[in-house]
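Encoded as structure tokens, the structure appears first; notes follow it.
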Amino acid sequence: MKAPLISLIEQALANLRNAGTLPGDAATAYVLERAKNREHGDFATNVALALAKPARSNPRALAQALVAALPQNTLLQKVDIAGPGFINFFLSPVAYHEEMRHALDQGPRYGSNRLAAGRKTVVEYVSANPTGPLHIGHGRAGAVGDSIARLLTVSGADVAREFYYNDAGVQIENLARSTQARARGCKPGDADWPADAYNGDYIGDVAQAYLRGDSVAFENHVVAGAKNPDDLDAIRQFAVAYLRREQNADLAAFGVKFDNYYLESSLYQDGKVEETVRELIKHGHTYEDGGALWLRTTDFGDDKDRVMRKSDGTFTYFLPDVAYHLAKWQRGYTRAITELGADHHGSLMRVKAGLQALGTGIPKDYPEYVLHQMVTVMRGGEEVKLSKRAGSYVTLRDLIDEVGRDATRYFLIARKSDSQMVFDIDLARSQSNDNPVYYIQYAHARVCSVLRQLDERGLRWDRANGLAKLAQLDGEHETALMVEISRYPEVVEAAATSLEPHLIASYLRELAQALHTYYHAHQFLVDDVDVRDARIALAVAARQTIANGLDLLGVSAPEQM
RNA sequence: GCGCCCGUAGCUCAGCUGGAUAGAGCACCAGCCUCCGACGCUGGGGGUCGGGGGUUCGAAUCCCUCCGGGCGCGCCA
């Protein structure tokens, strides 16, 4: 609904420039936003305040001139000037009725936009190494990353979801040795238990499956356990396959999917690592010192230079990261979003520096990072410590089983991702008013229930008639609901622009509240056919909007609870 | 010590690129089911927006500083 208003404002500004009221080169950085208060209309702009100085006028006088220069439009009912010089726009009811028509006509596409139209985008998230079960942090990464992918998709982008994992490094070697030790009957604490081993019980499960000769299928591979505890290479391959399969199963249960699985080992096989090193050297940002090859990341804002090839000839972790992001670029992704735990933020600068040092024209803001902060898990009023080494461990699978997929996803997405958050298992489990996800889902189910009632009473909803008769809905709660629904496209745009899916979560709560309030204030299934059709039209528009919003969060919209 | 994130009602958190009297949920108090599902609705109390400066018509929002949390600062990932 904003676009036509902005167009009107721009026309008014052009008129004033032509009339000499405004200088031709006046900057037009102004804001058009939803008025917080209904008394201030539907939208308000500070354009007169922003332009008062360059126009050498006072804000209220300029506002008067602007309003006078505003073209006539049927969408506008009234335009006021208030306070220091705000211009308040009161939309006509027809503007909202048309928006309800859009919501119903566009259905699942209501709220989509063209912000990122056609941009080939890769969204990378989770990217856990296959050394153990996924924990709640991975859950947050999955919920946030997946939701961002959905937001960009409805914004027109051509999105690929990607999972990157290390299948060759030191940690994998550790995994293999740990599994081997288990296969030989050792346990943590035994004299010959490896020093840096993974102590979790799940390693024992992997070892047993290996010894049984189980067959593990994952990501188009099948790996069978070779049963031989001395074959470390076979153990490594089996353990990676086993844990990857488990992680994939957990993510699938969480509703988080991927288009690509990208292996670190492939970067070596395809020569991408060597190519990256070669290019970095060629562009003169490297030097040797102490037998190691350094990258002069300080040329690009880092506080010290970084080793890229160690004196033993192997690479530090960040070089494959640079090679990996180069590969994203080379695969044609002009936009890359990388979702990471905030504990990795130290590596961002290095990877970006490496990409710039390549001199291949990769933009400075490539990739765009979205970080998520730690999640503290509470159960029974106490913090549950997460540790791969210790026994106490809440896995993502535990949460899905205990709390449910929808509530877990909602809780993990409802907070701004760069804020630390507390995940209270007892709260998330409670199916009460403590729990916003059920409140929102219930609003959706309620409308479904009304339609079932309609059917049971042998009545029929005439959609076209309902839309035509929306003018009969002029009550306070009905208007409020229309306003909420019409905000949805703006919220989607804001969330997609800032890569902040939590905005959708907050919005949905407000929308659900408006619907519940409306539900209590008015009866839907009344005898007056026109009023009935109109009220159902509004309710269905709300239901559609809730369903669309929940889908962006990866949360289901049940027809009954 | 340096860098990044954060500090808003008793608790958990919103507050969009600065805007018009600071919001929601929970908890607490008082009401609402002969009525389309009460997993709901209505009303009420409750805040020096961590402290202090600055920028300007206007600051929870931007800048500086201090205090208090978290996370990073390896030839680990």
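Every chain is numbered from 1 and lettered A, B, ... according to where its sequence line falls, protein lines coming before strand lines. On a predicted model such as this, the values are computed, not experimentally measured, just so you know.
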Is it the case that A/Ser127 and A/Glu124 place a side-chain donor and acceptor less than 3.5 Å from each other? yes
For residues A/Arg306 and A/Ser347, is any side-chain donor paired with an opposing acceptor at under 3.5 Å? no
Touch check for A/Ala495, heavy atoms < 4.0 angstrom, all strands: base, sugar-phosphate only, or nothing? nothing
Can you list every pair that meets salt bridge (charged side-chain N to carboxylate O under 4.0 Å, His left out) and has a residue in residues 518-541 of chain A, with sequence neighbours left out? A/Lys469-A/Asp530, A/Glu478-A/Arg535
For A/His40 and B/A20, are the ring centres under 5.5 Å apart with planes inclined under 30°? yes
Tell me what A/Ala35 touches on the nucleic acid: a base, only sugar-phosphate, or nothing, going by heavy atoms under 4.0 Å. nothing
When you check every protein heavy atom under 4.0 Å of nucleotides 71-77 of chain B, what one-letter string (B, S, -) results, 5' to 3'? BSSSBSB
Apply side-chain contact (heavy atoms from CB on, under 4.5 Å) to A/Ala407 and list each qualifying residue two or more places apart in sequence or on a separate chain. A/Val403, A/Asn435, A/Val437, A/Tyr438
Within this structure, what is the CG-to-C1' distance between A/Leu49 and B/G18, rounded to whole angstrom? 12 Å
Syn or anti: how is B/C33 classified when any glycosidic angle within 90° of 0 counts as syn? syn
What does the 5'-to-3' dot-bracket notation of RNA chain B look like when only Watson-Crick and G-U wobble pairs under 3.5 Å count, and pairs to other strands show as |? (((((((..((((.....[...)))).(((((.......))))).....(((((..]....))))))))))))....
Exactly one of A/Tyr519, A/Tyr518, A/Phe524 should register a ring pair (Phe, Tyr, Trp, His ring centres under 6.0 Å) with A/His522. Which one does? A/Tyr518
Quick note, side chain to side chain donor-acceptor pair (under 3.5 Å) partners involving residues 407-417 of chain A, not counting sequence neighbours, are A/Asp146-A/Arg409
Would you list the atom pairs, donor with acceptor, under 3.5 Å between side chains in residues 418-427 of chain A and any protein atom, with sequence neighbours excluded?
from	atom 1	to	atom 2	distance (Å)
A/Asp424	OD1	A/Asp426	N	3.0
A/Asp424	OD1	A/Leu427	N	3.2
A/Asp426	OD2	A/Gly380	N	2.7

Tell me what A/Gln560 touches on the nucleic acid: a base, only sugar-phosphate, or nothing, going by heavy atoms under 4.0 Å. base
Calculate the interatomic distance between A/Leu340 atom CG and B/C4 atom P; express it in whole Å. 17 Å
